[in-house]
Student: 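Please find one structure pasted underneath; my questions will follow.
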Amino acid sequence: MIRQQLKDILQKLFPEEKIVIDYVPKEKPGDYSTNIAFRIAAQKKMPPYETAQEIASRIHDPMIKSISVHKPAFINFTISNSYMLEKVFSEPEEIDIGKGQKIMIEFVSANPTGPINIASARAAAVGDSLARLLKRTGYNVVSEYYVNDGGRQSTLLAQSVRQRIRELNGKTAEIPEGGYHGDYIIELAKEVKEKGIEDIKKIKKYAIDYFIEEHKRILQAFGVEFNNWIRESSIYEKGYVDDVLNLLQEKNLTYVKDGAVWIKTTKFGDNEDRVIITSDNRHTYLLPDIAYHLDKMKRQHDRLINIWGPDHQAQIKSLQCGITAIGYPRDTLEILIVQQVHLQEAGKLIKMSKRAGVIKTLKELLKHVPKDVVRFFLLMRSNSQPLDFDLDLALEQSDENPVFYVQYAHARIKSIIKKAQEQGIEYGGSFAKNLIKETEEIILVKAILKFPEVIEDAARNFEPYMLTYYLIELARIFHSFYQRLRVINEDKELTHARLALINKTAETIKSGLGILGISCPEKM
RNA sequence: GCGCCUGUAGCUCAACCGGAUAGAGCGACGGACUUCGAAUCCGUAGGCUGGGGGUUCAAAUCCCUUCAGGCGCGCCA
């Protein structure tokens, strides 16, 4: 990466300093810039501009065509075209920021009590892309889905199903307080009734298995597959819940109050202590959750990432304090909050509520909108940003839809290459790189070279949307190039060079879309 | 009351650890297909970055304050 190379050069001059390399704003001379002169000038109480000039005069490298100093004290680097061309046509470089670290990313983990909703779909898109992104940047990635099959929710589910069976038998259904009302429960009840299952425990097991299978199927259709599906019950079976409890007691980190057992999370920075065993002797979610993370850590992961919805925000601290309490470093676990999704149709918001039974599920959405479009749309915002999913725009198969815009650029390139081949134009192998010198060509070259840098930024920030934005930009640059310059032209050598350039563009788009989990058709 | 997120062009959003004249898309207006895919491109208009203070050579970005919206805050998960 050019950015990294510049960084290294400056780092040698200023070993103590943190080097920052920025892109130069449009219309400004140069490609990259650094603010190092500001810092040095401030430290040595020297005039900034002169300091910048002095520093600039000390930098020499073959890849740098020229260095200029601007206004307060920016140092701008212009990279030589020949260097960029050499670079852009060489093998794509490996990016290794993970250094083989084993990282687990847990996401979706929707309760097996109903279909996957659109909020979870966003988590699925983000988590899956993040997994691909981290793999690409040198991490050893494991993806995991945690199935909450313990707890009270699953009992309520079983009871709700049983009531629906009563209803099917001509009696009135009395859905329990906090139970599940959705129509999907009726479908499930029909199945359970047909199988003649009556025992409540068996209904529960059947219902949970039913939803797990359902989730697996629908996520697969969405292009998301997990390495592991871990059930809460398996954590109990391994005895980890008891282990955690014992460990906490040994460390004197629990106490009894009002008949309940509390964990002293305040010792680790929580706002208040938390209950882990209720006065009627049930575990709260926190205890098995800590145990589950103990399990994750026992499996030798260097880092853990969880992707949660905003409604779980309050639990972050408790869980982090909890795993600190059992002796793991605090920064082992990072929890990313992915904000909610609002479904929009004809400018109107559609409210989602599981309880009321009017859910917009991923399954329903995929019936109307292609997988690629759904994924792309869900990856267009930073995690912390709430997202409006515009159904009308998503259904639009034309100019407004950014997915097609990007895919179209790729298809267009493939079409040109095909055309060239039909005309018997050979390309591949060596060619005169220096024929590429038009403004639009160079802009395209720079955009392609930026790709690994974007990958790095996206991976470091855990933000796949950065890549989404980049791909739109790259497509735009290509379309613009296409409009101005002909790839297939009278000049055989130039045609050869341009074919190689657009082919590189297509490879980059394909690679980027691949990380987003979006297909990249050759024709559309 | 407390915690987290958000407030940028008419709309939806960018702006990487604080950097240069705050950028795109949509919408509006005006142009470009005898030629490699017009699902495209080019141009014009549109901004006191919610308000007010502060820190800094430099603030949309950091701090304080205020206003507005969203989501949480259980011996539920």
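Chain identifiers are assigned alphabetically (A, B, ...) following the order of the sequence lines, protein sequences preceding nucleic acid strands; residue numbering begins at 1 within each chain.
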Student: Mark yes or no for a side-chain to base donor-acceptor pair under 3.5 Å between A:Asn76 and B:rA20, with no hydrogen or angle criteria applied.
Tutor: yes

Student: Is the phosphate of B:rA38, meaning OP1 or OP2, less than 4.0 Å from a side-chain N or O of A:Tyr482?
Tutor: yes

Student: How many Å lie between CG on A:Asn383 and C1' on B:rC13, as a whole number?
Tutor: 15 Å

Student: Taking the nucleotide of RNA chain B with the nearest heavy atom to each, does A:Tyr32 or A:Val20 sit closer to the 5' end?
Tutor: A:Val20

Student: Looking only at N and O atoms, is any donor in the side chain of A:Thr284 or the base of B:rA77 less than 3.5 Å from an acceptor on the other one?
Tutor: no

Student: Please name all residues satisfying side-chain hydrogen bond (donor to acceptor under 3.5 Å, both in side chains) with A:Lys371, sequence neighbours left out, ordered by chain then number.
Tutor: none

Student: Which donor-acceptor pairs under 3.5 Å do the side chains of residues 313-320 of chain A make with protein atoms, sequence neighbours left out?
Tutor:
unit_1   : atom_1 : unit_2   : atom_2 : d
A:Lys317 : NZ     : A:Asn271 : OD1    : 3.4
A:Ser318 : OG     : A:Asp270 : OD2    : 3.3
A:Ser318 : OG     : A:Arg274 : NE     : 3.1
A:Gln320 : NE2    : A:Leu333 : O      : 3.0

Student: Please write out the pairs of protein N or O atoms and N or O atoms of nucleotides 1-10 of chain B separated by less than 3.5 Å, giving the distance to one decimal.
Tutor:
unit_1 : atom_1 : unit_2   : atom_2 : d
B:rG3  : N2     : A:Gln313 : NE2    : 2.8
B:rC4  : O4'    : A:Gln313 : OE1    : 3.4
B:rC5  : O2'    : A:Ser384 : O      : 2.8
B:rU6  : OP1    : A:Ser384 : OG     : 3.3

Student: Would B:rC13 be called syn or anti, given that syn covers angles within 90° of 0?
Tutor: anti

Student: Salt bridge check: are A:Glu438 and A:Arg484 linked by an N-O gap of less than 4.0 Å?
Tutor: yes

Student: Rounding to an integer number of angstrom, what distance separates B:rG54 and B:rA9 when you compare their P atoms?
Tutor: 25 Å

Student: With a 4.0 Å cut-off on heavy atoms, is A:Glu453 in touch with a base, just the backbone sugar-phosphate, or nothing at all?
Tutor: nothing

Student: Heavy atoms under 4.0 Å, any strand shown: does A:Leu485 hit a base, just sugar-phosphate, or nothing?
Tutor: base

Student: Tell me if the side-chain of A:Asp22 makes a donor-acceptor pair with the base of B:rC16, cut-off 3.5 Å, by modelled atom types.
Tutor: yes

Student: The side chain of A:Ala411 lies closest to which of these nucleotides: B:rG23, B:rA77, B:rG37?
Tutor: B:rG37

Student: Start with the C-alpha distance between A:Ile290 and A:Ile263, add both sets of side-chain angles, then the distance that settles side chain to side chain contact (heavy atoms under 4.5 Å, CB included), and finish with yes or no.
Tutor: CA-CA 11 Å; A:Ile290 296 172; A:Ile263 171 174; 4.1 Å; yes

Student: Which value, in whole Å, describes the distance between the P atoms of nucleotides B:rG51 and B:rU44?
Tutor: 28 Å

Student: Would you measure the distance from the C1' atom in B:rG25 across to the matching atom in B:rA39 and give it in whole Å?
Tutor: 15 Å

Student: Can a donor-acceptor pair under 3.5 Å be found between the side-chain atoms of A:Ser279 and the base atoms of B:rC75?
Tutor: yes

Student: Using atom P of each nucleotide, how far apart are B:rG43 and B:rC26 to the nearest Å?
Tutor: 13 Å

Student: Can you give the donor-acceptor pairs under 3.5 Å from side chains of residues 38-52 of chain A to other protein atoms, not counting sequence neighbours?
Tutor:
unit_1  : atom_1 : unit_2  : atom_2 : d
A:Arg39 : NH1    : A:Glu17 : OE1    : 2.9
A:Gln43 : NE2    : A:Glu17 : OE2    : 2.6
A:Thr51 : OG1    : A:Pro47 : O      : 2.6

Student: With respect to A:Asn306, which candidate in A:His312, A:Lys296, A:Glu144 satisfies the side-chain hydrogen bond (donor to acceptor under 3.5 Å, both in side chains) definition?
Tutor: A:Lys296

Student: Test the A:Lys450-A:Tyr23 pair against the cation-pi criterion, namely NZ or CZ under 6.0 angstrom from the six-membered ring centroid and within 45° of the ring axis.
Tutor: yes

Student: Applying the 5.5 Å / 30° rule, does A:Tyr23 stack onto the base of B:rC16?
Tutor: no

Student: From B:rG72, B:rC57, B:rC17, pick the nucleotide closest to the side chain of A:Phe38?
Tutor: B:rC57

Student: For the P atoms, the ones on B:rC63 and on B:rU6, what distance do you get once it is rounded to whole angstrom?
Tutor: 12 Å

Student: Where the side chain of A:Asp258 is defined as all heavy atoms beyond and including C-beta, which of B:rC75, B:rA24, B:rA77 is the nearest nucleotide?
Tutor: B:rC75

Student: For B:rA68 versus B:rU21, give the span between their C1' atoms, rounded off to a whole number of Å.
Tutor: 31 Å

Student: Check this for me: does any side-chain nitrogen of one of A:Arg231 and A:Asp209 sit under 4.0 Å from a carboxylate oxygen of the other?
Tutor: yes

Student: Can you find a side chain N or O atom of A:Lys257 that sits less than 4.0 Å from OP1 or OP2 on B:rC75?
Tutor: no

Student: Does A:Ala314 reach a base, just sugar-phosphate, or nothing at all? Heavy atoms under 4.0 Å.
Tutor: sugar-phosphate

Student: If you look at every strand shown and take non-hydrogen atoms under 4.0 Å, does A:Arg274 touch a base, only sugar-phosphate, or nothing?
Tutor: nothing

Student: Between A:Asp289 (CG) and B:rC76 (P), how many Å, whole number?
Tutor: 14 Å

Student: What nucleic acid atoms does A:Arg460 come within less than 4.0 Å of, heavy atoms only: base, sugar-phosphate, or nothing?
Tutor: nothing

Student: Any protein N or O atoms within reach of nucleotides 41-47 of chain B? Criterion: under 3.5 Å, listing atom names and distances.
Tutor:
unit_1 : atom_1 : unit_2   : atom_2 : d
B:rC41 : OP1    : A:Tyr405 : OH     : 2.3
B:rC41 : O4'    : A:Gln483 : OE1    : 3.2
B:rC42 : OP1    : A:Ser480 : OG     : 2.9

Student: Check every strand shown and say whether A:Ala409 touches a base, only sugar-phosphate, or nothing at a heavy-atom separation below 4.0 Å.
Tutor: nothing

Student: Looking for any heavy atom pair under 4.0 Å, which part of the strands does A:His283 touch: base, sugar-phosphate only, or nothing?
Tutor: sugar-phosphate

Student: Give the nucleotide from the list B:rA20, B:rU40, B:rC17 with an atom nearest to the side chain of A:Lys18.
Tutor: B:rC17

Student: If you pin A:Glu522 and A:Glu272 to their nearest nucleotides in RNA chain B, which one's is more 5'?
Tutor: A:Glu522

Student: In whole Å, what is the span from the CD1 atom of A:Ile472 to the P atom of B:rA39?
Tutor: 18 Å

Student: Base, sugar-phosphate, or nothing: which does A:Lys28 touch, judged by heavy atoms less than 4.0 Å apart?
Tutor: base

Student: With syn defined as a glycosidic angle within 90° of 0 and anti as the rest, where does B:rC57 land?
Tutor: anti

Student: Hey, are A:His283 and A:Tyr236 close enough side-chain-wise for a donor-acceptor pair under 3.5 Å?
Tutor: yes

Student: Remember a base hit wins even if backbone is also touched, and classify A:Lys26 as base, sugar-phosphate or nothing at under 4.0 Å, heavy atoms.
Tutor: sugar-phosphate

Student: In whole Å, what separates the C1' atom of B:rA15 from that of B:rU34?
Tutor: 43 Å

Student: With sugar-phosphate meaning primed atoms plus P, OP1 and OP2, does A:Met524 contact a base, only sugar-phosphate, or nothing at under 4.0 Å between heavy atoms?
Tutor: base

Student: What residues, two or more places apart in sequence or in another chain, satisfy ring-ring contact (aromatic ring centres under 6.0 Å, His included) together with A:Phe376?
Tutor: none

Student: Looking only at atom C1', what distance separates B:rG52 and B:rC48, rounded to whole Å?
Tutor: 13 Å

Student: On a plain distance test, is the side chain of A:Asn35 in donor-acceptor contact with the base of B:rG19 below 3.5 Å?
Tutor: yes

Student: Just by distance, no angles: are the side chains of A:Asp273 and A:Thr266 close enough, under 3.5 Å, to form a donor-acceptor pair?
Tutor: yes

Student: Take A:Phe462 and A:Val126 through the side chain to side chain contact (heavy atoms under 4.5 Å, CB included) test and state the conclusion after the steps.
Tutor: CA-CA 9 Å; A:Phe462 300 138; A:Val126 170; over 6 Å; no

Student: Hey, does A:Asp457 reach any base, or is it just sugar-phosphate, or nothing, if we go heavy atoms under 4.0 Å?
Tutor: base

Student: Do you see a donor-acceptor pair shorter than 3.5 Å between the side chains of A:Thr278 and A:Asp280?
Tutor: yes

